[in-house]
Amino acid sequence: MKIKWASYPYVLWMIIFIIVPLGLVLLSSLTIGEGVGLGNLGFTLDNFRKFFENEYYVEVLWASVNLALKSTVISLLLGYPMAMIIAREKIEKRNIMVLLIVIPMWMNFLLRTYAWLTLLGKNGFINTIVTKLGFEPLDLIYNDRAVLLGMVYNFLPFMILPIYSVLTKIDNSLIEAAEDLGANKFNVFTKVIFPLSIPGIITGITMVFMPAVSTFVISKLLGGGQYMLIGNLIERQFIEIGDWHFGSAVSIIMMVFILITMAITNKFDVDKEGGGGLW
Amino acid sequence: MEQTYAIELKNITKEYDGVRVLNNINISIRKNEFLTLLGPSGCGKTTTLRIIGGFEQPTEGRVIFEGEDITTLPPYERQINTVFQKYALFPHMNIFDNIAFGLKIKKVPKDEIETRVKEMLRLVNLEGFEYRSVDSLSGGQQQRVAIARALVNEPKVLLLDEPLGALDLQLRKDMQIELKNMQKRVGITFIYVTHDQEEALTMSDTIVVMDKGTIQQIGSPVDIYNEPNNAFVAKFIGESNIVDGIMHEDYVVEFAGKVFKCIDKGFDKKEKVDVVIRPEDLEIVSPDDGPIKGVVTSVTFKGVHYEMIVKGSNIDWMVHSTIMKPVGTEIGLRVLPENIHVMKKVND
């Protein structure tokens, strides 16, 4: 297909803001040297070797994946029923409910996460009530659960919205047809609604898993300083240690990991939709 | 012996937010009958069908299935299957799985499903289509899959909601014949919804004409065509000339300024009535022989016949005839007494 004139600005945009920076990250990950510069331009895989040879770094990667998976599963379990409830409502009520889900996203991501600090902290809102009632203060913050909570809280809308949008597009006559053919509510769900909503689930999983696996703000704020995820590892290389080359290498590793995960989920989608409609 | 009907609707009324869409519907449908609900859009025919299928609850009245009250039974517990207007085939399943859907839910053994689905595909002329996707089928083929998917469950009653509406004319005509044959072969009750009067006349044993949520007439196609109950039915089924008339006494009616013999009786003296005459019942004669005189103002060739508009005094007559009279010709029109249908005026 010919590239039309109209597409040139976008192509330019993509080159300047996506392809060139990505190339620089790749280049940086393949070289070593001091600080910001590109070093002595001798290509080396030392940065990658450093990552995989150090058990600690690999553990950080697994911890990130583990936590991201957990938050994705929890978001799915919470988000799917939520999306279904909204999709079943009348249009006016539906719009209000969607708005309520979207409104928190208008607030800055950092602020929203900071708000949890004041809720969960040692002298936070919840613990104040708990101690007033005469109980020991609870350990609510600076642990796995707090980070998980932060992730689910921040990324849940990205699970709900795509599933909701797919569910509202399911033709009601398909549901009636299934009932007509003898399917009770449970069968209608397992045999018609759920299979037809898989594209929404895939999108939701991708949109939750990707930011969850790479987040460093949530783990930094709610996990306390000691909590290290892959995002924090990258951040620390750039901000504190100043080893851009190793930081780039970790970024590349994470990106490849995400690409692989996406490829797997997309494969799943195609398999399910099957029937040869696509190819 | 008392006859049990396949379906009886008793005093069915349906309201949406206080608006009455069905008004005291009473229909008794015999077993193996091909019954058509016919009417313009918004007349309540689809709502009636949905009440029989269980997708809507009547505000008042009962639905009786083979003598049993099923008014509150959900759709999946009724021995009734539906062919939906837009087919509603499951896009995530192939043809085989679509047709097997109902049987799988009823946990029919696998090899039995296999044979029954194959049998159905043969019935609807789609052998070898088992593993095709829904998208790869044409409208007519999808239609037949939808019918197979319903029939494979061996329902006692099959509901069809304007199933041929999306098909082109030729295919629709073929499918009409095919459906009618299928109904005779499988021997089950068909309840068919359409707004196409020709379709209704072609296929039905019984036609129920509906308008504004009320039944206008129930009868065989021939009865409904030849003896319409009122001007609405006459106008809706086929083309009609409907003119104002006055009933002088039994068997005598006046319209178009002339007095005619007719075969209707039982009206009040001087009662104002609607007189309905089918365009093909007006016979073209020489101006001196016809009680009605007029001038041809337009001629349209319709294939088998010509459609002519004849302007009389105050009335434009539609005439169907195989004899063509050119525009401007003065002609006379004659009508036999049995072809004059006198009807009570509907108040609206």
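Chain letters run A, B, ... following the sequence lines, proteins first, then strands; residues in each count from 1.
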Is it the side chain or the backbone of [X] that comes within 4.5 Å of chain A heavy atoms, both, or neither?
{"X": "L159(B)", "value": "neither"}
{"X": "N81(B)", "value": "both"}
{"X": "L89(B)", "value": "backbone"}
{"X": "R50(B)", "value": "side chain"}
{"X": "T82(B)", "value": "both"}
{"X": "F84(B)", "value": "side chain"}

Should we count [atom1] of [X] as having more than 12 external heavy atoms under 6.0 Å?
{"X": "E127(B)", "atom1": "CD", "value": "yes"}
{"X": "K104(B)", "atom1": "NZ", "value": "yes"}
{"X": "M105(A)", "atom1": "CE", "value": "yes"}

Just give me the residue among N172(A), D171(A), N184(A), I175(A) that pairs up with chain B most often, heavy atom to heavy atom, under 4.5 Å. N184(A)
Of all heavy-atom pairs between A88(B) and A177(A), which one has the smallest distance, and what is that distance? O-CB, 3.9 Å
In terms of heavy-atom contacts, L181(A) and K106(B) come closest through O-NZ, 4.2 Å
Given heavy-atom pairs under 4.5 angstrom as the criterion, report whether the side chain, backbone, both or neither of N187(A) touches chain B. side chain
Run the side-chain contact (heavy atoms from CB on, under 4.5 Å) test on I105(B) and K191(A) for me, step by step, so that the C-alpha distance in whole Å, both residues' side-chain angles and the decisive distance to 0.1 Å come before the verdict. CA-CA 10 Å; I105(B) 282 187; K191(A) 291 191 192 296; 3.9 Å; yes
Quick check: does any side chain N or O of D180(A) sit under 3.5 Å from a backbone N or O of G53(B), one acting as donor and the other as acceptor? no
With a 4.5 Å limit on heavy-atom distance, are the side chains of P91(B) and L174(A) in contact? yes
